[in-house]
S.K.: 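Structure incoming, see below.
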Amino acid sequence: MPELPEVETIRRGLQRLEGTTLADVDVRERRLRRRIDVAALQALCGRRIARLGRRAKYLLFEAERGGGMIVHLGMSGRLFLVAPGSPPQPHEHVSWWFERDGESVELRFQDPRRFGLVAARRHGSVSDHPLFAGLGPEPFDAAFSPGYAYRATRGSRRPVKNALMDARFVAGVGNIYASEALWRAAINPKTRAGRISRRRWQRLLEAVVEVLQDAIAEGGTTLNDFRSATGDPGYFQIALRAYDREGASCARCGGTIRRIVQVGRSTYYCPGCQV
DNA sequence: CGTAGACCCTGCGCGC
DNA sequence: TGCGCGCAGGGTCTAC
């Protein structure tokens with residue numbers, strides 16, 4: 001479920017935790033993508049949360065005076081606040097309690113497939129975590145420019161879809177939005193990245209930014225099982241023009257949307273107008 | 001070096 | 001109705 005717009009929507013919903021103090025943590029299942037370091041998490045208890053941040057699809061809980069937590073939702077992760085006293089449901093692997101003025105809220109992490117990640121850092125900047133070494137620019141960052149994309153892909157023979165999905169090239173563009181951005185820019189996903197002109201890169205980068213921003217404005221769209229941090233299901237849904245529309249007609253040219261597989265992931269595009 | 005493929009894990013929908 | 005199969009929004013590691 002979580003692509004970058006969902007993670008950003010959750011981050012905004014969790015900003016109410018800024019200024020609270022992490023009081024307690026309970027880990028019921030350590031085996032995620034990486035084993036949870038429970039001692040490192042517990043060492044953060046008593047610390048005040050200064051800021052909720054995001055890097056790619058990672059949520060950052062930055063503590064005052066350094067250190068903090070990193071949460072990634074993987075494919076099936078959810079992060080939400082629960083009513084006091086509600087018993088843990090299956091796959092709800094971690095709980096955190098945050099306090100302010102004697103009031104306590106519980107945040108829960110649920111992840112059936114366990115591709116998610118929860119990590120802690122005792123000192124220093126959370127964004128210096130080794131997880132982020134080698135990550136490319138954020139899609140909304142000025143460093144993600146047509147000139148950068150053009151230079152970074154000279155000589156590359158891989159399909160442009162693969163480049164969009166490569167976190168070293170650009171961080172946080174997932175499978176849905178890679179297809180959607182290519183549709184908006186009318187670029188065939190199989191086009192070799194090294195053969196895309198500077199002008200077309202500009203169009204593609206604008207499409208990436210626009211589709212992500214549209215999705216965030218819609219409240220973190222994508223598929224219909226999304227819940228925000230406060231449990232609101234109501235948002236739905238950005239108009240997907242290509243993704244999951246195999247056999248449907250293209251909204252631009254009336255052609256038929258096709259599904260192909262690239263790097264083991266489904267890609268959807270219109271052979272009629274994406275050239 | 002760049003790239004493709006396997007793999008981690010559970011749940012769901014579909015066809016038989 | 002029940003079962004097996006393929007597929008799913010992510011990221012990392014290995015082998016070529």
Side-chain angles (χ1 to χ4, degrees), chain A residues 1-10 28-36 54-59 70-79 89-94 109-119 129-136 139 151-183 189-195 208 211-212 215-216 218-228 233 235-238 240-247 259-268:
Chain A
M1 121 204 168
E3 290 246 5
L4 189 148
E6 284 82 354
V7 177
E8 177 61 22
T9 298
I10 290 170
R28 293 174 287 274
E29 172 61 81
R30 305 178 55 177
R31 295 171 300 163
L32 303 183
R33 182 171 116 207
R34 296 183 176 194
R35 221 176 152 74
I36 297 179
R54 179 185 60 75
R55 176 76 170 106
K57 293 171 198 146
Y58 293 88
L59 278 167
I70 299 164
V71 176
H72 194 289
L73 300 175
M75 292 278 254
S76 59
R78 288 179 173 181
L79 206 52
Q89 301 299 305
H91 306 303
E92 293 181 354
H93 307 311
V94 184
F109 174 74
Q110 175 199 55
D111 186 10
R113 289 177 75 178
R114 290 193 273 121
F115 289 177
L117 173 147
V118 175
H129 195 281
L131 281 168
F132 306 133
L135 266 193
R151 284 189 301 275
T153 53
R154 282 316 85 189
S156 171
R157 298 171 54 79
R158 66 173 163 174
V160 59
K161 160 81 156 29
N162 300 17
L164 283 182
M165 298 280 290
D166 181 350
R168 292 165 305 180
F169 174 64
V170 57
V173 177
N175 199 38
I176 293 179
Y177 290 101
S179 278
E180 289 301 305
L182 287 161
W183 183 88
K190 293 184 286 191
T191 307
R192 295 186 195 281
R195 309 219 40 176
V208 168
V211 72
L212 291 173
I216 292 169
E218 293 294 321
T221 117
T222 323
L223 299 188
N224 54 11
D225 59 352
F226 175 63
R227 304 274 166 156
S228 74
Y235 317 103
F236 188 74
Q237 160 175 359
I238 193 173
L240 295 177
R241 306 295 199 184
Y243 187 84
D244 204 23
R245 298 194 68 236
E246 183 180 21
R259 172 185 178 270
I260 60 173
V261 175
Q262 294 178 293
V263 201
R265 316 289 296 272
S266 290
T267 301
Y268 298 85

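Chain A is the first sequence line, chain B the second, and so forth, proteins listed ahead of strands; every chain is numbered from 1.
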S.K.: Tell me whether the side-chain N/O atoms of Arg265(A) come closer than 4.0 Å to OP1 or OP2 in dG10(C).
M.R.: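 Yes, such a contact exists.
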
S.K.: Expressed as a whole number of angstroms, how long is the span from Arg114(A):CZ to dG9(C):C1'?
M.R.: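 Taking CZ of Arg114(A) and C1' of dG9(C), I get 19 Å after rounding.
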
S.K.: Calculate the interatomic distance between Leu73(A) atom CG and dG11(C) atom C1'; express it in whole Å.
M.R.: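 So the CG-C1' distance, Leu73(A) to dG11(C), works out to 13 Å.
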
S.K.: Between Thr153(A) and Phe169(A), is there a side-chain heavy-atom distance shorter than 4.5 Å?
M.R.: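 Yes, side chains in contact.
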
S.K.: Applying a 4.0 Å non-hydrogen cut-off, can you work out what Asp111(A) is touching in the nucleic acid: base, sugar-phosphate, or nothing?
M.R.: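 If one applies the 4.0 Å heavy-atom cut-off, Asp111(A) turns out to touch nothing in the nucleic acid.
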
S.K.: Using a heavy-atom cut-off of 4.0 Å across all strands, would you classify Gly174(A) as base, sugar-phosphate, or nothing?
M.R.: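 Counting heavy atoms under 4.0 Å across all strands, the contact made by Gly174(A) is with sugar-phosphate only.
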
S.K.: Using a cut-off of 6.0 Å, state whether more than 12 heavy atoms not belonging to Arg33(A) lie near its atom CZ.
M.R.: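 More than 12 heavy atoms, drawn from other residues, nucleotides or ligands, come within 6.0 Å of this atom.
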
S.K.: Is atom CZ of Arg195(A) surrounded by more than 12 heavy atoms (other residues, nucleotides or ligands) closer than 6.0 Å?
M.R.: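 Result for CZ/Arg195(A): open.
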
S.K.: Please state the C1' separation for the pair dG9(C) and dT3(B) - nearest whole angstrom.
M.R.: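 Pairwise C1' distance, dG9(C) against dT3(B), rounds to 23 Å.
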
S.K.: What is the separation between atom CZ on Arg168(A) and atom P on dT12(C), rounded to the nearest whole Å?
M.R.: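 Atom-to-atom, Arg168(A) to dT12(C), this comes out as 10 Å.
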
S.K.: When you compare dC9(B) with dC3(C), how far apart are their P atoms, in angstrom units rounded to a whole number?
M.R.: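 Here dC9(B) and dC3(C) have their P atoms 24 Å from each other.
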
S.K.: Under a 3.5 Å cut-off for both contacts, is dT1(C) paired Watson-Crick or G-U wobble with anything, and if yes, with which nucleotide?
M.R.: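 When the pairing criteria are applied, nothing turns out to pair with dT1(C), so the answer is none.
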
S.K.: Are Tyr243(A) and Asn175(A) packed together at the side-chain level, in the sense that at least one heavy-atom pair is separated by less than 4.5 angstrom?
M.R.: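 SC-SC contact between Tyr243(A) and Asn175(A) confirmed.
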
S.K.: Check Asp111(A), Val71(A), Leu131(A) against Leu117(A) for a side-chain contact (heavy atoms from CB on, under 4.5 Å) and give me the one that passes.
M.R.: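 Between Leu117(A) and the candidates, side-chain contact (heavy atoms from CB on, under 4.5 Å) is satisfied uniquely by Leu131(A).
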
S.K.: Could you state the interatomic distance from NE2 (His93(A)) to CD (Gln110(A)), rounded to the nearest 0.5 Å?
M.R.: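 It is 7.5 Å, given to the nearest 0.5 Å.
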
S.K.: Separation of Glu246(A) atom CD from dA8(C) atom C1', in whole Å?
M.R.: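 Those two atoms, CD and C1', are 15 Å apart.
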
S.K.: Do any side-chain nitrogens or oxygens of Arg113(A) fall under 4.0 Å of OP1 or OP2 in dA8(C)?
M.R.: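 Result: no.
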
S.K.: Chain A on DNA chain B: first and last contacting nucleotide, 5' to 3', under 4.0 Å to a heavy atom?
M.R.: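 Taking any atom under 4.0 Å from a heavy atom of chain A, the span is dT3(B) to dG11(B).
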
S.K.: I want to confirm an ordering. Mapping Gly172(A) and Gly264(A) to their closest nucleotides on DNA chain C, which one lands closer to the 5' end?
M.R.: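 Result: Gly264(A).
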
S.K.: Measure the distance from CE on Met75(A) to P on dA8(C) and round it to the nearest whole Å.
M.R.: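 Distance check: Met75(A) CE to dA8(C) P gives 8 Å.
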
S.K.: If I take atom CG in residue Leu131(A) and atom C1' in nucleotide dG10(C), what distance separates them, rounded to the nearest angstrom?
M.R.: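 So the two atoms are 13 Å apart, to the nearest Å.
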
S.K.: Within this structure, what is the CG-to-P distance between Leu117(A) and dG11(C), rounded to whole angstrom?
M.R.: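 Atom-to-atom, Leu117(A) to dG11(C), this comes out as 10 Å.
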
S.K.: Please determine, for dG5(B), whether a Watson-Crick or G-U wobble partner exists with both distances under 3.5 Å, and give it or none.
M.R.: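 dC13(C) - that is the nucleotide pairing with dG5(B), both distances being under 3.5 Å.
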
S.K.: When the distance from CD of Glu6(A) to C1' of dG9(C) is rounded to whole Å, what number comes out?
M.R.: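 Rounded to the whole Å, the gap is 8 Å.
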
S.K.: Within this structure, what is the OG1-CD distance for the pair Thr9(A) and Glu218(A), rounded to the nearest 0.5 Å?
M.R.: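 Going from the OG1 atom of Thr9(A) to the CD atom of Glu218(A) covers 10.0 Å.
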
S.K.: Is Arg34(A) touching bases, backbone alone, or none of the nucleic acid, heavy atoms closer than 4.0 Å?
M.R.: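 Contact class for Arg34(A): none.
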
S.K.: May I ask you to verify if any side-chain N or O of Tyr177(A) is less than 4.0 angstrom from the OP1 or OP2 atom of dG9(C)?
M.R.: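 Negative; the distance criterion is not met.
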
S.K.: Quick check for you: to the nearest 0.5 Å, what is the distance between Lys161(A) atom NZ and Gln262(A) atom CD?
M.R.: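 Taking NZ in Lys161(A) and CD in Gln262(A), the distance rounds to 5.5 Å.
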
